[in-house]
Number of protein chains: 2
Amino acid sequence: MDSGTNVLDLSQLRRSCSSCALSELCLPAGIGNDDLERLDTAVRDKRTLDRGGMLYRDGDPFEALYVVRSGSLKTFVQDDSGDVQILGFHLPGEIIGFDALASNRHVSQAEALERSSICELPYARLQQVTSEVPALHRQLMRVISREVIEEHRHLVMMGRQQAQEQLAIFLKSLADRYQRLQRDSTALTLSMSRYDIANYLGLVVETVSRLFSRLEEMGVLEVNRKSVRICRPDLLAELCRSSPVAASKQRDAG
Amino acid sequence: MDSGTNVLDLSQLRRSCSSCALSELCLPAGIGNDDLERLDTAVRDKRTLDRGGMLYRDGDPFEALYVVRSGSLKTFVQDDSGDVQILGFHLPGEIIGFDALASNRHVSQAEALERSSICELPYARLQQVTSEVPALHRQLMRVISREVIEEHRHLVMMGRQQAQEQLAIFLKSLADRYQRLQRDSTALTLSMSRYDIANYLGLVVETVSRLFSRLEEMGVLEVNRKSVRICRPDLLAELCRSSPVAASKQRDAG
DNA sequence: GGTTCGACTTGACCTCGGTCAATCCGGAAT
DNA sequence: ATTCCGGATTGACCGAGGTCAAGTCGAACC
């Protein structure tokens with residue numbers, strides 16, 4: 001992604017929601033102009049992270065929610081023995097940090113996959129604003145709900161799909177989000193490693209590697225390290241649906 | 001569970017949060033008495049479902065959140081081809097229905113696993129009340145956040161654990177929730193079928209069946225159809241932790 | 001009390017994806 | 001330019017768990 005231009009953004013550090021190109025994809029979506037100004041008062045400022053930089057760690061006190069402005073991050077949980085499970089990859093416009101609402105501590109971690117800039121929404125201030133702007137409150141609930149639904153998808157992918165379908169769904173989901181961002185949805189730049197992808201899908205890296213090769217042989221993709229061209233979006237979509245796996249992993253087992 | 005007594009509860013249909021034994025486990029947890037009365041005004045009434053009865057279906061308009069008062073439910077998503085993925089099993093005190101906040105339609109389904117009674121929180125009224133009672137608003141956010149975290153656990157279980165550990169974790173989680181409800185946490189009554197358990201864990205029913213047998217041989221459990229006695233809670237806890245599976249499913253794959 | 005039906009169990013077998021190991025490749029450092 | 005190193009790929013092999021098939025068991029119904 002265009003990490004080169006992000007550096008320049010620093011000059012516009014105090015840039016607000018009202019003028020942000022992401023507003024339609026972000027928290028402000030569907031909020032009136034006057035309320036938008038109010039929301040602006042809740043946005044502290046922008047924070048920049050380099051590749052590998054941590055936005056928050058397990059156990060950190062809950063201070064804010066975060067919106068990805070540019071770049072990308074991964075969120076993950078890590079157990080005592082150091083074992084990691086990646087929960088998601090987050091592109092511009094996406095909001096993270098909700099895990100900390102329950103206990104006022106983060107119970108997951110967020111790490112930049114590339115140079116990224118982030119909007120910080122200090123929760124104390126956000127709460128003030130939401131109490132004054134009911135629409136924003138509802139919008140915030142909607143966003144968390146979307147997070148819940150997104151996790152449902154992740155769960156279905158892991159529980160019901162074959163490895164190949166999983167990778168197809170993963171790529172399709174990235175492509176769809178590229179489209180929302182008005183990027184070319186057939187030219188993906190994978191900011192995460194193969195290890196990350198494997199972990200996210202509950203597979204091992206060798207399997208993911210083989211699957212990329214197989215999809216390339218099938219003519220669905222052209223893969224070159226981190227860049228993936230989707231030659232046949234139609235086929236890719238097809239692969240997401242096919243092979244109901246363990247179809248006997250039954251229907252409604254009432 | 002004691003489905004016999006639930007019928008009698010019908011006489012107390014208009015029972016409120018203030019007098020409900022579950023209040024400490026439910027939405028009211030940590031809310032002052034005066035605010036509690038306010039919350040009462042948002043609780044419509046109780047609804048009773050028989051085994052197999054649907055609380056809501058995919059596509060249903062969002063009308064309310066629901067609290068399980070007695071009995072148990074499963075929530076699940078179902079794709080076009082009828083394939084099901086169970087998202088969770090829900091015991092008394094637990095709140096469901098958050099999936100509908102995003103789009104004002106449910107995108108999952110909830111079905112009673114046994115005769116169950118449910119408190120309905122019509123969202124329109126709930127919204128009124130939360131706007132008047134900020135504490136309740138925060139509490140509601142906390143509850144959704146807990147849902148997010150619970151799904152993280154489900155994801156880790158599916159992605160990182162062996163089948164045996166998965167079943168151990170599932171049983172342990174049930175036992176822990178029994179304890180919160182002050183039931184005997186060593187004597188579980190599985191209201192869901194083996195098919196449901198398998199589906200929830202991303203396994204097939206034969207595997208689950210074999211695992212129950214194995215855990216019985218190991219002296220951890222005594223299994224008799226739907227009733228499971230946990231003979232060695234210590235061993236069970238041990239099994240939840242062991243065998244980091246595909247340990248090479250790496251640590252932090254920066 | 002026998003029949004039926006569906007949930008559950010058990011066994012024999014096979015496959016998908018994990019394991020282990022050898023290599024490739026590109027970027028960074030010397 | 002050469003070395004180094006970590007990510008990525010590829011191959012050979014293996015095993016946990018899925019598949020298929022044959023029971024068993026208990027509850028419901030006549």
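Every chain is numbered from 1, with letters handed out A, B, ... down the list of sequences.
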Value in whole Å for how far the P atom of D:dA8 lies from CG of A:Leu190
9 Å
Mind checking what makes salt bridge (Lys or Arg N to Asp or Glu O under 4.0 Å) contact with A:Arg210, not counting sequence neighbours?
none
Check A:Asp60 with A:Arg105, please: is the shortest side-chain N to carboxylate O separation under 4.0 Å?
no
Determine whether a donor-acceptor pair (one donor, one acceptor, N or O, separation below 3.5 Å) exists between the side chain of A:Glu206 and the base of C:dC20.
yes
Starting from P on D:dG18, measure out to CG on B:Leu201 and report it in whole angstrom.
10 Å
Please report the end-to-end axis angle for the helix from C:dG1-D:dC30 to C:dT30-D:dA1, five pairs per end, rounded to 10 degrees.
40°
Rounded to the nearest Å, what distance is computed from the OH atom of residue B:Tyr195 to the P atom of nucleotide C:dT9?
10 Å
Who passes salt bridge (Lys or Arg N to Asp or Glu O under 4.0 Å) against A:Asp176, sequence neighbours left out?
A:Lys172
Those residues at least two apart in sequence (or on a different chain) that pass ring pair (Phe, Tyr, Trp, His ring centres under 6.0 Å) with A:Tyr200 are A:Phe89, A:His154, A:Phe170
Could you list all the ring-ring contact (aromatic ring centres under 6.0 Å, His included) pairs where at least one residue sits in residues 202-239 of chain B, not counting sequence neighbours?
none
Between C1' on C:dG17 and CD on A:Gln166, what's the gap in Å once rounded to a whole number?
11 Å
Atom-pair distance (CD on B:Gln164; P on D:dG15), nearest Å:
17 Å
Does this structure show an ion pair linking A:Glu120 with A:Arg47, if we count only N-O contacts that are shorter than 4.0 Å?
yes
Minimum-distance nucleotide (side-chain atoms of A:Gln162 versus C:dC16, C:dG18, D:dT9):
C:dC16
Results of side-chain hydrogen bond (donor to acceptor under 3.5 Å, both in side chains) for A:Asp234 - residues two or more places apart only
A:Arg232
Enumerate the residues from residues 209-228 of chain B whose closest heavy atom to DNA chain C is under 4.0 Å, giving them by residue number; use none for an empty result.
B:Ser209, B:Arg210, B:Ser213, B:Lys226
Minimum-distance nucleotide to A:Thr207 side chain [options: D:dG7, C:dC8, C:dG17]
C:dG17
Throw together a table of side-chain donor-acceptor distances under 3.5 angstrom for residues 219-231 of chain B, partners on residues two or more places apart or in other chains.
{"unit_1": "B:Lys226", "atom_1": "NZ", "unit_2": "B:Met192", "atom_2": "O", "d": "3.3"}
{"unit_1": "B:Ser227", "atom_1": "OG", "unit_2": "B:Asn224", "atom_2": "O", "d": "3.1"}
{"unit_1": "B:Arg229", "atom_1": "NH1", "unit_2": "B:Thr186", "atom_2": "OG1", "d": "3.4"}

Listed partners of B:Asp50 passing salt bridge (Lys or Arg N to Asp or Glu O under 4.0 Å), at least two apart
B:Arg115
